[in-house]
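Beneath this line is the structure, given in C-alpha cells, with notes to follow.
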There are 2 protein chains.
Amino acid sequence: MTSIDDVARASGVSTATVSRALRGLPNVSPATRETVLATAEQLGYVVSSSASGLATGRTLAMGVVVPNVSRWFYATVLEGIDAALRRVGYDTILFNLGLKGEDRERVFHRSILRKRTDAVIALCLDFTPAEREQLASLGHPTIVVGGPVPGLRHLGVDELAVARAATAHLIALGHRQIGHLAGIPEPGLNKRVPQRRRRGYELALSSAGLSARPEWIEPSDFQISGAREAALRLLRREPRPTALFAASDEMAIGAILAARELGLDVPRELSVIGIDNHALAETFGLTTIAQDAFGQGRLAAELMLEELAGAPPRVGQLHVPATLIERATTAPPASRAQVE
Amino acid sequence: MTSIDDVARASGVSTATVSRALRGLPNVSPATRETVLATAEQLGYVVSSSASGLATGRTLAMGVVVPNVSRWFYATVLEGIDAALRRVGYDTILFNLGLKGEDRERVFHRSILRKRTDAVIALCLDFTPAEREQLASLGHPTIVVGGPVPGLRHLGVDELAVARAATAHLIALGHRQIGHLAGIPEPGLNKRVPQRRRRGYELALSSAGLSARPEWIEPSDFQISGAREAALRLLRREPRPTALFAASDEMAIGAILAARELGLDVPRELSVIGIDNHALAETFGLTTIAQDAFGQGRLAAELMLEELAGAPPRVGQLHVPATLIERATTAPPASRAQVE
DNA sequence: TTGAAAGCGTTACCAT
DNA sequence: ATGGTAACGCTTTCAA
C-alpha cells in the first residue's frame, strides 16, 4: 500500500506539503501541487481513513441507525441521507438493528460506540434511557427522523396533523362512517407514530361531531399483508364503514386488496386514504397524504453536516410539510348517491 | 473522550495490559482482567476504531456497494450481509450508488478507495473495466452477489436454470402460449440477469418444441408499476398468451394487477409465475421460483469474513439453490378445459 | 504476567 | 511556500 511518504519521496517534497497539496489547502505553489497530484494519481495513492481520522479526530462518516432497510419509509429516508452525504464525501455507516431487533444491544454497545462516526442519525426508534445516554455520551450531533423522541432532537411530519388531515378529507367528502386501520406499536420502534395517527383520526372525528366506533378500528403491523388481513376482518363486520383511513400507504394498499377480494368497489363502495405517498401509491391510484421521506433524510443529513461544520444546532420541533394528493381511491359515499 | 491511557492509569497497569485485557487475549491474570474491565466500563471507555485500525491494518468494516436500497432484492441481500457482519462485530459501510447513479464515479474514486474497509461486497452491478481494476487494486477480498461478472468472484442463483424452471413449470401445466415479461438491462446494473432470464425462457420453450413469439415478449424495468403497464400492452394484443413468465416477482405482481384491470381471471384465464419469492408473493398467492436473497447476503459476508480470517478463497461459480413454490397464480390453461 | 517503547499514516504546528 | 516534527490512540514486539 502506497503511503503519503511514497508520494513525498517520488515527488521530491515533504509529507507535509503532499498532505496540503492533496487536500487543496493554501500555501502550496501551483507547480508543486500539480506534481504532487500527478504522482499521487500515478502511484494510486489513497489516504488511510484510519490515520487521518486519528490525526484529525474526524472520521468523515455518519452513523445511521435503522430498524431495517426493507420498509419503504426507512429505505427512502436512507436514500436521502446517503445522497446528501455522498455529495460532500461523507460515508454512511449502517447500523441495522435487524428484523428481529435482538442485536440491538450489540449495535449500541459495540459499534456505535466505536467512535467511528462524527454524528448519528436514527430512524423512528424508541430508545431506552440507557441507549439515549449512550448516544449523548458520544458527545456528537444526533437527530431522530420520523417520530418524536423526548430528549432527542427530532425531524418529521406532524403526525397528529397529518392524520387529522387524512380523516378530514374523508369527512369533507361526506363520509360519516369512517374506519381506521391503525398501526401497532412495535417493540423497539417509536410508539408515538401509530398512537398519534390514531389520535388524529379520533380528533378529526370528534371535531366533526362524529365518534369512532371501536369495531371500526383494526390494528395491524405497517405491512401490506398484515393490513390486508386486518381490513378483511374489519370489512366483514356489519355495518361496514364507507371509508377507511389507513395509518400508512402500505396498509392502505392492503385495504384495497382486501376490498377487491370482498368484491367491494373502491372508491364507490369504500374510500381509502393512506399516509406516505409510497412508491406504489400511484400504481394503485391511492389518495394519500404525501410525506417526503427522501427529503427528510436529506434534511437530517444536512443538519448534521451543518453542525459538524460548526453551526449552532437549530433547535425546536422540526416539522416538514405534508400534502394531500387526491387520486382515485376516495370519493363521496355511495349511500348518498343511492339515496338521492 | 477517555482513552486507553485513562483506563491504564485508573487501574494501575500499563496500556499494553489494558489492551490485552480488553480484547480477551491470554497472559492476563484474572484479577487484573477484572479490574481493567471494570474501570473501562465505569469510565465508559470505547476503543477508537481509527487508532486500532491504524495499528492493526484492520478496519473491522465491510464495504457494501449497492445500486440502491429501495428494491426488494438489494434490501434483502443487505439485511443478510448486515446480519452476518453484526454477529462478529463488523460494521457495514454502505456505498449507495444512488437512484440516478451519477455519483458512481465519486463513490468509486473517493469513498471506496479510502481504505476504510477490509473487504467489499457488491450487489448485481455492471462494473466498468476501470472500476474493476480499482477494486482489484485495493488488494482485498471482493465478491459480487446477484449476477455473474467476468473477472470477479460471484455468488447467486443460476439465472438460466431458474428461468428455464419457471417456464418449464408453465409448460408442464399444459401451456403452449407463454409470454414473457422481460427485464430491461438498466444502465450500471448487471445486464446478464435480464438477458439470461430471457434466454432461459427461450431455451425452455424450444426444448419443448415451442417458439417464443416476439409480440409476447414485453420488456420493462423490474418494478411493479412498469411491469403493470408492460403487461397491459401485452395482454391487450390478440391472440393473448395463456401464461406469463415474469422476470421477477415484482413484475409478476404488476402482471396480476394488469390482468385484474382487464377483467382476466388469474389463474383461470392467465397463469403467472415470477422469480424471487418477494415479501408480497404470498399475499398475492404468487407462484414463484424462490431465491434466498437474505441467505445470499449472509453467505457473501461469511465468505469474506472467512478470507479475512486467512482461509483460502473458495473459487468457482457459487450457485445457490432456488426452488419452485406453487401457489395460486398458476394452473392448467382454461382452453383445455373448455375444449374438453 | 506485565511493562516499555516502537511503530501505524496523517495532520498541524512551528520554523525556516 | 516548504520542511521538520510532535502528536493522535492503539497494538505488538521484546525484555523483564
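Just so you know, these numbers come straight off a predicted model, no measurement behind them. Labels below follow one simple rule: chain letters A, B, ... track the order of the sequence lines, proteins then strands, and each chain is numbered from 1.
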Exercise. Distance-only, no hydrogens or angles: does the R58(B) side chain make a donor-acceptor pair with backbone N or O of G53(B) under 3.5 Å?
Worked result: no
Problem set entry | Residue that, paired with L94(B), satisfies side chain to side chain contact (heavy atoms under 4.5 Å, CB included) out of L78(A), I93(A), D91(A) | L78(A)
Seminar exercise, completed: Taken to the nearest 0.5 Å, the spacing of M62(A) CE from I121(A) CD1 works out to 4.5 Å
Exercise. Can you find a side-chain donor-acceptor pair between T35(A) and T32(A) that sits under 3.5 Å?
Worked result: no
For this session: Return the value, rounded to whole Å, for the distance between atom CZ of R58(A) and atom C1' of dA7(D).
Result: 18 Å
For this session: Take the C1' atoms of the five end pairs on each side of the helix from dT1(C)-dA16(D) to dT16(C)-dA1(D), derive the two axes, and give their angle rounded to 10 degrees.
Result: 30°
Between side-chain atoms of residues 295-304 of chain A and protein atoms elsewhere (two or more places apart, or another chain), which donor-acceptor pairs fall under 3.5 Å?
unit_1, atom_1, unit_2, atom_2, d
Q296(A), NE2, Q291(A), OE1, 2.9

Exercise. Can you give one letter per nucleotide of nucleotides 8-16 of chain D, 5' to 3': B if a protein heavy atom sits under 4.0 Å from the base, S if only from the sugar-phosphate, - if neither?
Worked result: BBBSBB---
Exercise. Quick one, which residues of residues 29-38 of chain A touch DNA chain D with a heavy atom under 4.0 Å?
Worked result: S29(A), T32(A)
Exercise. T15(A) and D5(A): side-chain donor and acceptor closer than 3.5 Å?
Worked result: no
Problem set entry | Evaluation steps, side chain to side chain contact (heavy atoms under 4.5 Å, CB included), between S50(A) and K115(B) | CA-CA 8 Å; S50(A) 295; K115(B) 297 184 186 159; over 6 Å; no
Seminar exercise, completed: Contacts satisfying ring pair (Phe, Tyr, Trp, His ring centres under 6.0 Å) that involve residues 26-72 of chain A (not counting sequence neighbours) are W72(A)-H278(A)
Exercise. What integer distance in Å separates N27(A):CG from dT16(C):P?
Worked result: 17 Å
Exercise. Is it true that a side-chain atom of T142(A) and a backbone atom of H140(A) form a donor plus acceptor pair closer than 3.5 Å?
Worked result: yes
Exercise. With sequence neighbours left out, what residues match S19(A) under side-chain hydrogen bond (donor to acceptor under 3.5 Å, both in side chains)?
Worked result: R23(A)
